[in-house]
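I'd like to ask some things about the structure below.
When a ligand or atom number is given, it counts from 1 through the structure's own listing order.
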Amino acid sequence: MPIEFEAPKPIIQAQFVLKTVAEEMMRPKSRYFDENEHEIPWDYIEFMHSAMKAMGGSSLAPKENGNGREKESSEKEKRPPIGYQLIATQLEALSWGDVGMYHCLPGGGLGAAAVHSVGTPEQKAKFLARFNAEKPTFAAMCITEAGAGSDNSAIRTRAVLDEKTNEWVINGEKIFVTGGDKSFTEYEKLGRGFIVVWASIDPSAGRAGMRAFVVEGGTPGVKAVKLEHKMGIRVSDTAAISLVDARVPFENILGSPTVETNTAGFKKAMATFDATRPLVAATGIGVARAALEFLKEKLAENGVQIRYGLPRQKLSNIEREVIDMEVMLKSAWLMVIKAVWMADNKKPNALEASMSKVKSGDVTTKITQKVVEILGPLGYSREFLAEKWFRDAKITDIYEGTGQINRLVVARQILGYSGKDLR
Ligand SMILES: Cc1cc2nc3c(=O)[nH]c(=O)nc-3n(C[C@H](O)[C@H](O)[C@H](O)COP(=O)(O)OP(=O)(O)OC[C@H]3O[C@@H](n4cnc5c(N)ncnc54)[C@H](O)[C@@H]3O)c2cc1C
């Protein structure tokens with residue numbers, strides 16, 4: 001297959017449109033929503049929902065044709081698929097505007113990504129159609145619990161089948177659920193969302209007993225009990241969700257309802273992250289690009305131009321630092337592109353997905369920190385967004401597998417070790 005470094009037309013068009021959204025709708029509100037944590041950016045949500053609806057709906061998965069199957073490309077146009085590549089570019093562009101507000105983008109988020117990875121065609125059709133409905137709608141994914149984050153095999157949430165009613169009864173408490181409030185709490189302006197809850201149907205079976213369940217908004221016994229106060233992405237709601245005797249229809253279990261002797265079901269569910277890790281990496285890159293561009297602007301205002309093409313020893317220290325950061329950023333972006341290209345072409349990409357996430361986590365935290373440092377008091381002051389980008393960038397290295405965990409995934413893939421061999 002030929003390697004193409006020029007972005008396809010739909011990607012260039014998306015970049016152009018989203019740059020305007022980022023400049024006009026996100027940047028002007030960035031500081032406000034940082035300072036007014038948990039206030040919901042309704043104007044942005046409603047605008048983005050209408051815009052995305054006009055373009056055919058949204059979720060963290062390549063476009064659906066409404067029945068859960070990916071759009072078949074017509075025989076005539078045998079173009080290579082670019083679904084994930086397009087999403088990565090879109091997320092990078094929106095995160096350049098404001099990564100916290102990007103998290104308030106209506107649509108399925110991680111919840112829909114899980115349904116897309118593990119659900120049957122019928123489940124996809126049933127659960128994903130709502131994101132193109134009249135009102136903006138959210139979904140979220142809940143794995144993390146106190147004591148079960150990196151090691152998600154330790155989750156204690158239980159799902160027990162009530163054979164009389166043929167319903168699953170779920171009990172447990174999930175923490176740090178991105179979009180958990182908007183997916184579950186009833187707001188007049190929002191459609192009915194859902195959360196995908198990970199629970200064990202057989203604790204003695206370890207990972208083989210873990211399953212994901214779609215829990216519809218408004219299910220009795222389920223509520224968002226706490227909103228986290230955070231260092232960065234403060235406009236994004238991060239909720240704790242409690243489930244007490246929550247009853248879920250039998251068919252809302254994603255994947256097989258029987259406990260297999262192996263962890264095939266669990267692994268398939270984990271494949272959600274192979275699709276979404278490069279996308280998280282892309283969001284961090286958007287934040288770092290924002291910081292780096294701002295630095296260059298401020299340097300230019302002070303008469304410092306970067307003299308590309310000069311031998312390194314003739315450059316000033318600042319010029320070298322800026323060029324080094326640009327190299328880091330571009331190499332991180334290329335790793336994202338490789339990982340999403342593999343996802344688009346249905347090639348197993350667990351290694352590349354984790355690599356791109358590790359690289360982006362490192363690079364984006366380093367760049368935003370360096371920008372604050374070089375700008376000195378301007379970087380530290382709340383007058384500008386540099387200090388906010390520094391705070392916002394750190395999450396890239398935490399959620400969807402910390403830097404350490406993704407390094408382990410990379411090492412296991414390269415060395416051929418299992419999770420048991422190398423942990
Ligand atoms: C803002 C935010 C949003 C989030 N959104 C979601 C969400 O939508 N859904 C969801 O389910 N979760 C979400 N999370 C949870 C997130 O995925 C976890 O915080 C993350 O996986 C780490 O788990 P933990 O918090 O339990 O940390 P721990 O697992 O306790 O880790 C603590 C530290 O130990 C290190 N560590 C752990 N194990 C190892 C090891 N084997 N080797 C080396 N180092 C190790 C970790 O890297 C980390 O540095 C979110 C978290 C945050 C902060």
Open item on the list: Taking the basic N atoms (NZ, or NE/NH1/NH2) and the acidic carboxylate oxygens, is any pair closer than 4.0 Å for R234 and D98?
Closed with: no
TODO: Assess R27 against W96: is NZ or CZ under 6.0 Å from the centre of the six-membered ring, and within 45 degrees of the ring's axis?
DONE: yes
Task: Salt bridge flag under 4.0 Å for residues R391 and E387 - done: yes
TODO: For residues Q123 and N252, report the shortest heavy-atom separation together with the two atoms involved.
DONE: NE2-C, 4.4 Å
- [ ] Give me the ring orientation class for W389 and F294: parallel if the planes are under 30° apart, tilted from 30 to 60°, perpendicular past 60°.
- [x] perpendicular
Open item on the list: On a heavy-atom basis, which atom in A22 and which in A93 lie closest, and how many Å separate them?
Closed with: CB-O, 3.8 Å
Less than 3.5 Å apart, N/O on ligand 1 and N/O on the protein: could you list those pairs with the distances?
unit_1   : atom_1 : unit_2 : atom_2 : d
ligand 1 : 5 (N)  : F176   : O      : 2.9
ligand 1 : 5 (N)  : T178   : OG1    : 2.7
ligand 1 : 8 (O)  : T178   : N      : 2.9
ligand 1 : 8 (O)  : T178   : OG1    : 3.4
ligand 1 : 9 (N)  : M141   : O      : 2.8
ligand 1 : 11 (O) : I143   : N      : 2.8
ligand 1 : 11 (O) : T144   : N      : 2.9
ligand 1 : 11 (O) : T144   : OG1    : 3.1
ligand 1 : 12 (N) : T144   : OG1    : 2.6
ligand 1 : 12 (N) : F176   : O      : 3.3
ligand 1 : 14 (N) : F176   : O      : 3.3
ligand 1 : 23 (O) : S150   : N      : 3.3
ligand 1 : 26 (O) : G149   : N      : 3.4
ligand 1 : 29 (O) : S150   : N      : 3.1
ligand 1 : 29 (O) : S150   : OG     : 2.6
ligand 1 : 47 (O) : T402   : OG1    : 2.6
ligand 1 : 47 (O) : Q404   : OE1    : 2.9

